[in-house]
Protein chains: 2
Amino acid sequence: MDVINVVLADDHVLVRDGIKALLEDQSGIVVIDEASNGKEALEVVKKNTPHVLIVDIRMPEMNGIEVVREITKSFKEVNTLVLSMHDSEEYVVQAIQAGADGYLLKGASKEEFLKALHKVASGGKYFTGDVSAIIMNNFVNGNASVVSSNIKSIEDPFGLTKREKQILGLILQFKNNKEIADELQISKRTAEVHRFNLMKKLEVKNLMELSNKANEYQLV
Amino acid sequence: MDVINVVLADDHVLVRDGIKALLEDQSGIVVIDEASNGKEALEVVKKNTPHVLIVDIRMPEMNGIEVVREITKSFKEVNTLVLSMHDSEEYVVQAIQAGADGYLLKGASKEEFLKALHKVASGGKYFTGDVSAIIMNNFVNGNASVVSSNIKSIEDPFGLTKREKQILGLILQFKNNKEIADELQISKRTAEVHRFNLMKKLEVKNLMELSNKANEYQLV
DNA sequence: TTAAAATTAAGTAAAATTACTTAGTTTTGT
DNA sequence: ACAAAACTAAGTAATTTTACTTAATTTTAA
């Protein structure tokens, strides 16, 4: 491979421009296209078939993990490097399952970034030190082995049903059981049950934790 | 001014590296130093006295607005360009009050960014179109004129007392009134009152909204 | 050194949540 | 068509929050 063709997907124009400038200062790397949301990323990859897609997790329309999953399924020749610009490490396992070839946390430097990019472009894998520790941890604990297939997917990491998701949506709109019941034309008791089950499934003990967890995992 | 000396403050190394690459591709701009949190930003500015400090709002230790306020007070010759990488426009007024010379939202492109930087470096002001609209709006409505001095500051936009902030902190740790009471050695009733007053001041009607608003405005 | 602000905490009471269990009905997948 | 899963909703009960008011004490700033 002579030149590495890269597609950048991030909803911050400036971050994209910055990374682009950074990459194009290197010889042997060309940013051939960009996308500002997940769906666009897929289209752009389809159009260009780059060597590497660099993708941020949090994006409108479709999140980075879903994008990676699609790419892994439909464009096997495209390698993916996931950037988590939002300090959390919680998507690592999901990213790997989705087929990501690399994963960097926000603490990553230019040097590490370039190293990762080259590694990924050449068909290798690159995960930051912290990430590797997480994987190891998951591996030894055996509770969520990376290769295991019965892990819940990112769209539904907690096994929520459609109705539960719908109700979660309403809860996140600050609606109480009465309002939810009215809106869905079910009894208040049913709304309560759904709420109760949601709490159990998400392992939280009040509204606030529910809200946080839901946002954290982008459940709605 | 021959060369514009810039200091970059952002907690994402990669974003910093990216913007640096972008800036240094331009002639006449030099990134002389960097900082990864607010306090560091102040130190670095003190040490270097750059022409422009480019600063993200959300940073550990001390947020961008506070940094700008300090700079405006103590290093008048340093111009400040605030980047809001997090879609919200709510800090515009505060940023301007704090003395920011420029303000860009995450939608800003490289071109706009460079334009803003040059403008700010030469002692001018630059605010994105959207931002200008917000200012105009505030101005005509008169409810928060930019020059008015009785607007609540960013650390305390809702006029919370110290105790209230402390209790808000505990609430955000998912503690209920009983737990808060025990921890602070006050009666449960007092904790309830504080919670009630917090809700009133933040104009929310349940825990979840409280949590959201608190995070939104970084009250803790 | 006062007045203002903040903190404390009681009373009252409605509303809502939390924490289950049981169980009938509907939908869905194979 | 049959079983499994999902959705519905009732009962019961403890706990918590929400929504005030009133008021004594303590702290703080002019």
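Chain letters run A, B, ... following the sequence lines, proteins first and then strands; every chain starts at 1. Bear in mind that the values here come from a model prediction, so they are computed numbers and not experimental data.
- For the pair B:T161 and C:dA5, the criterion of a side-chain N or O lying under 4.0 Å from OP1 or OP2 is not met.
- With respect to A:E43 and A:K46, no salt bridge is recorded, no charged nitrogen being found less than 4.0 Å from a carboxylate O.
- Contact check, A:T190 against D:dT8: no side-chain N or O comes under 4.0 Å of OP1 or OP2.
- Using a 4.0 Å cut-off between a side-chain N of Lys or Arg and a carboxylate O of Asp or Glu, B:K205 and B:E209 qualify as a salt bridge.
- A straight line from CG of B:L168 to P of C:dT7 spans 13 Å, rounded to a whole angstrom.
- Taking atom CD of A:Q166 as the reference point, atom C1' of D:dC7 lies 11 Å away to the nearest angstrom.
- Straight-line distance from the CG atom of A:D182 to the P atom of D:dA9: 12 Å, rounded to whole Å.
- In this structure, B:Q185 and A:R195 both approach DNA chain C, and ranking their closest nucleotides by distance from the 5' end singles out B:Q185.
- As judged by a 4.0 angstrom heavy-atom cut-off over every strand, A:K205 is placed among residues touching the sugar-phosphate backbone only.
- Residue A:R189 contributes atom CZ, which lies 11 Å from atom P of D:dA9 at whole-angstrom precision.
- Atom CZ of A:F174 and atom P of D:dT17 are 18 Å apart (whole Å).
- Looking at B:R69 and B:E66, no side-chain N of the basic residue comes within less than 4.0 Å of a carboxylate O on the acidic one, giving no salt bridge.
- Rounded to whole Å, atom C1' of C:dT17 lies 14 Å from atom CG of B:N177.
- In this structure, the CE atom of B:M199 is 13 Å from the C1' atom of C:dA15, given to the nearest Å.
- Here the P atom of nucleotide C:dT17 and the CG atom of A:L198 are 13 Å apart, to the nearest Å.
- Proximity of B:H194 to the phosphate of C:dT7: no side-chain N or O atom is located under 4.0 Å from OP1 or OP2.
- Heavy-atom nearest nucleotides on DNA chain D were determined for B:K162 and for B:E192, and the one closer to the 5' end corresponds to B:E192.
- With respect to the salt-bridge test (charged N to carboxylate O, under 4.0 angstrom), the residues B:R189 and B:E192 qualify.
- Remark: the backbone N or O of A:H51 is not paired with any side-chain donor or acceptor of A:N5 at under 3.5 angstrom.
- Among the nucleotides C:dA16, C:dA19, C:dT8, the one closest to any side-chain atom of A:N176 is C:dA16.
- The residue among B:N206 and A:S187 whose nearest nucleotide of DNA chain D lies closer to the 5′ end is A:S187.
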